[in-house]
Amino acid sequence: MIIELKMSEFHRCKDLLLKQSQPEAKAVVEGINPGRIFVDNINTPASGVIWLGNNDGFFFIGNERNERFNNELNHFVDTVITPEAKKVGLTWFEGIGDHHKWDDTIKRVFANRHLGSWKQRVYTLEKNDYTSNFNLMIEEGYDIVRMSEALFENKDKSIKNIDFLHSQIAETWSSPDSFLHKGVGYCVIYKNEIVSICFSNFVVDNVHSIAIETLEEHQGKKLAQKIASAYVEDCMKNNFIPYWDCMESNKPSIAVAERIGFRMKFHYVGYDFKLG
C-alpha cells in the first residue's frame with residue numbers, strides 16, 4: 001500500500017535522497033517548498049513519490065527496485081492521483097526519477113500508458129566560474145527592481161498587475177514571507193506593470209532553482225537575459241548557486257543560460273502520460 005506522509009513526517013525521506021538529488025525533491029522533503037509525499041512505509045520508507053506543490057511534476061525517490069512499491073504504482077495513480085489531479089485541473093502525469101536508475105523502472109511500470117518522454121538540461125553557475133559582466137543597460141522605459149515586501153504589498157497600488165507576481169510566487173511557495181526570507185527575485189517593470197520576473201522557485205541549502213517568466217508582448221527584448229543577470233549577480237554576492245533547469249528543446253532558455261556563463265552539469269529524462 002502506498003501511503004501519504006504528514007508534513008511533520010517528511011524528514012523520514014531524507015535518507016532516500018542522494019547528494020546530487022534534484023533541488024525540487026529536496027526542498028519538499030525539507031519543508032522549504034510545498035508538496036505531498038507518498039511512500040511504501042510510513043516509519044521506514046524505502047521508496048516514494050513526491051508531488052510538487054506547483055503541480056509541475058512527480059519525483060520518484062529511493063529504491064527503484066522495490067517491487068512491492070512499483071507493483072502498486074498504477075493502482076495508486078488511478079485511485080489517488082487522478083481524482084486529486086482533476087480537482088486542480090491537471091490532466092497529465094509528468095514523472096521524473098530522482099536518479100537515472102528510475103528511468104527503466106518508470107518505462108516498465110507505465111509501459112501500458114502510451115508513455116512519452118522529453119529531455120531536460122541542468123546548468124549551474126558557481127562563484128569560482130563566475131566572471132561578472134553585469135550590465136543593467138536596458139531599453140528606455142524598462143526598470144529592473146528587486147522583489148521586496150513593499151513591492152508585494154503594493155500599498156500605493158502603483159503596480160497594475162501585482163496579481164501576476166503574487167500568482168507566480170504562490171505556485172511554489174507557501175507564502176510571500178517564506179519566499180522573501182529564503183529566496184531571491186527580480187522584476188522588470190514597464191509603465192507600472194510587471195512584464196518579466198526571475199526568482200528562486202525552489203531553494204535547498206545554498207542552491208537556488210530559477211524560474212523566469214516574461215509576458216508575451218514583451219518578449220524579444222532580451223529582458224530574460226537582463227533580469228537573469230541581475231538575479232545571478234545577487235546570488236554570487238550571497239554565495240548562492242543558481243540552478244537552471246530547462247527542456248533541451250527550449251533553445252531560447254539555453255541561449256540565455258549560456259550567455260550568462262552557466263555550465264551544463266547533466267541532463268535527465270522526464271516521462272509523461274495522460275491521466276484518466
Side-chain angles (χ1 to χ4, degrees), residues 2 4-5 10 13 16-18 20-29 32-40 47-62 64 66 69-70 72-123 167-168 170-173 200-204 209-213 243-254 257 265-276:
I2 298 177
E4 183 168 8
L5 293 178
F10 284 8
C13 293
L16 304 187
L17 300 173
L18 304 179
Q20 66 271 27
S21 289
Q22 307 276 11
E24 296 95 331
K26 282 185 176 180
V28 174
V29 169
I32 299 169
N33 294 91
R36 300 169 69 178
I37 303 179
F38 305 84
V39 295
D40 61 326
S47 305
V49 59
I50 297 172
W51 187 353
L52 298 182
N54 63 343
N55 297 320
D56 198 25
F58 299 80
F59 281 84
F60 292 91
I61 61 174
E64 81 286 351
N66 183 352
F69 177 79
N70 296 341
E72 294 181 13
L73 280 172
N74 276 293
H75 179 71
F76 166 71
V77 168
D78 290 336
T79 60
V80 178
I81 297 301
T82 298
E84 291 290 296
K86 284 182 178 178
K87 293 177 184 178
V88 295
L90 188 65
T91 59
W92 284 84
F93 183 97
E94 296 183 347
I96 296 164
D98 187 47
H99 52 78
H100 69 86
K101 292 180 181 178
W102 272 105
D103 289 1
D104 287 340
T105 298
I106 293 171
K107 287 186 283 188
R108 176 172 55 82
V109 168
F110 298 121
N112 64 328
R113 292 188 181 260
H114 303 291
L115 195 64
S117 66
W118 75 95
K119 290 183 179 180
Q120 293 278 132
R121 288 190 182 191
V122 170
Y123 292 81
S167 63
Q168 289 290 317
E171 282 191 5
T172 52
W173 291 92
S200 312
N201 60 346
F202 290 92
V203 175
V204 62
S209 178
I210 302 171
I212 298 181
E213 186 74 28
Y243 181 100
W244 191 294
D245 187 338
C246 63
M247 293 181 71
E248 193 166 84
S249 60
N250 190 344
K251 302 305 181 186
S253 182
I254 289 171
K265 291 294 183 181
F266 64 91
H267 71 272
Y268 64 91
V269 180
Y271 301 89
D272 60 14
F273 56 82
K274 188 83 171 175
L275 288 171

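Bear in mind that the values here come from a model prediction, so they are computed numbers and not experimental data.
Contact record, W102 with G62: NE1-O, 3.3 Å, taken as the closest heavy-atom pair. The two residues Q22 and G97 come nearest to each other via the heavy atoms NE2-O, 4.5 Å.
Within the structure, every pair that satisfies the side-chain hydrogen bond (donor to acceptor under 3.5 Å, both in side chains) test and touches residues 85-96, not counting sequence neighbours, is listed here: E84-K87.
By the side-chain hydrogen bond (donor to acceptor under 3.5 Å, both in side chains) test, T172 is found to be paired with no residue, residues two or more places apart in sequence or in another chain being considered. Among residues two or more places apart in sequence or in another chain, the side chain to side chain contact (heavy atoms under 4.5 Å, CB included) test is passed with S253 by W244, C246, N250. For K119, the salt bridge (charged side-chain N to carboxylate O under 4.0 Å, His left out) criterion is met by no residue, not counting sequence neighbours. By the side-chain hydrogen bond (donor to acceptor under 3.5 Å, both in side chains) test, E24 pairs with no residue at all, sequence neighbours left out. Partners of E72 under the salt bridge (charged side-chain N to carboxylate O under 4.0 Å, His left out) rule, at least two apart in sequence or in another chain, do not exist in this structure. Partners of D245 according to the side-chain hydrogen bond (donor to acceptor under 3.5 Å, both in side chains) rule, which considers only residues two or more places apart in sequence or in another chain, are Q120, Y268. Take H75 and apply the side chain to side chain contact (heavy atoms under 4.5 Å, CB included) test, not counting sequence neighbours, and it matches T79. Partners of Y271 according to the ring pair (Phe, Tyr, Trp, His ring centres under 6.0 Å) rule, which considers only residues two or more places apart in sequence or in another chain, do not exist here. For L5, the side chain to side chain contact (heavy atoms under 4.5 Å, CB included) partners two or more places apart in sequence, or in a different chain, are E9, F10, C13, I37, V39, I42. Applying the ring pair (Phe, Tyr, Trp, His ring centres under 6.0 Å) rule to Y123 yields no partners; only residues at least two apart in sequence or on another chain are considered.
Looking only at side-chain heavy atoms (C-beta outward), V204 and Y243 stay at 4.5 Å or farther from each other. Counting only heavy atoms from C-beta outward, the side chains of L17 and V29 approach each other to under 4.5 Å.
In this structure, CG in N54 is found 10.0 Å from CD in Q168, a value given to the nearest 0.5 Å.
Residue S47 forms a side-chain hydrogen bond (donor to acceptor under 3.5 Å, both in side chains) with just one option from N66, T105, D40, and that option is N66.
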For residues 107-114, run the donor-acceptor check on the side chains, cut-off 3.5 Å, and write out each pair with its distance to 0.1 Å, sequence neighbours left out.
residue, atom, partner, partner atom, Å
R108, NH2, E67, OE2, 3.2
R113, NE, N74, OD1, 2.6
R113, NH1, D78, OD1, 3.3
R113, NH2, N74, O, 3.3
R113, NH2, N74, OD1, 3.1
R113, NH2, D78, OD1, 3.0
R113, NH2, D78, OD2, 3.3

